[in-house]
Amino acid sequence: MELQERLNDVRSRIAAGERQAARPAGSVQLVAVSKTFEAEAIRPAIDAGQRVFGENRVQESQGKWPMLKAEQPNIVLHLIGPLQSNKAADAVALFDVIETVDREKIARTLAEEMRRQGRRPLLYVQVNTGLEPQKAGITPDDTPAFVTLCREELGLSVEGLMCIPPAEENPGPHFALLAKLALTCGVEKLSMGMSGDYETAIAFGATSVRVGSAIFGAR
Ligand SMILES: *Cc1c(COP(=O)(O)O)cnc(C)c1O
């Protein structure tokens, strides 16, 4: 299958998921995850009308997205991978949405960089719903206080929550937990669901799904 066909297939599955969940058409945004793919492999998706992309590494993104954004100014770029403090300035300069705010230190550094650069990417807090020691993210219990700290102490506007459920578990309960936390925190956006489980995530209220291999092929 060509990229365009795979992209259309994902789009129609998202639309079907919206209908099935009695959610408005267009309420779920597709974030096309282009990590590991070069600019030449990404351009066909842009040509097919895709505008929202996700990357997990700052440095890799710097090698391709400034050029692609210059070609197509309406690109919206999401950072979906872990962010180190020493990459915060570059991340604020390049990304439009940073989904992986996961500790106080990085929140403080981002607040400082945003002031310095006068650029304000939207921020999501990553939640470690499975309490996995190797995975980034705030614990569910600590999430409401962390969101409050970001908002009230650091003056950051937190737009959403993001999670990556444990690979070997049924993702449904993790999506449900993230949706519940978003209500508690008064946060509107829910980034959840990947190639294997985005239809489930839509049923649980995802406002964006991060789909890579189903569009670009195996990595
Ligand atoms: C790679 C990645 C995805 C996309 O995964 P696929 O299974 O290829 O759709 C989504 N979210 C995050 C955080 C990722 O790192």
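In listed order, ligands and their atoms are each counted from 1.
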Inset, instruction - Give the ring-plane orientation class for Tyr124 versus His78, where under 30° counts as parallel, over 60° as perpendicular and anything between as tilted. - result: perpendicular
Could you give the N/O to N/O pairs under 3.5 Å linking ligand 1 and the protein, each with its distance?
residue, atom, partner, partner atom, Å
ligand 1, 8 (O), Ser213, N, 2.8
ligand 1, 8 (O), Ser213, OG, 3.0
ligand 1, 8 (O), Arg219, NH1, 2.8
ligand 1, 8 (O), Arg219, NH2, 3.1
ligand 1, 9 (O), Ser195, N, 2.9
ligand 1, 9 (O), Ser195, OG, 2.5
ligand 1, 9 (O), Gly212, N, 2.8
ligand 1, 11 (N), Arg210, NE, 2.8
ligand 1, 15 (O), Lys35, NZ, 2.7

Legend entry - Charged N-O contact under 4.0 Å between Glu113 and Arg116: yes
Legend entry - Charged N-O contact under 4.0 Å between Arg108 and Glu104: yes
Inset, instruction - Inspect the contact between Asp96 and Lys69 and indicate whether a charged nitrogen and a carboxylate oxygen are less than 4.0 angstrom apart. - result: yes
Legend entry - Side-chain ion pair, Glu60 and Lys35, N-O less than 4.0 Å: no
Inset, instruction - Determine, for Arg43 against Asp47, whether the closest basic-nitrogen to carboxylate-oxygen distance falls under 4.0 angstrom. - result: no
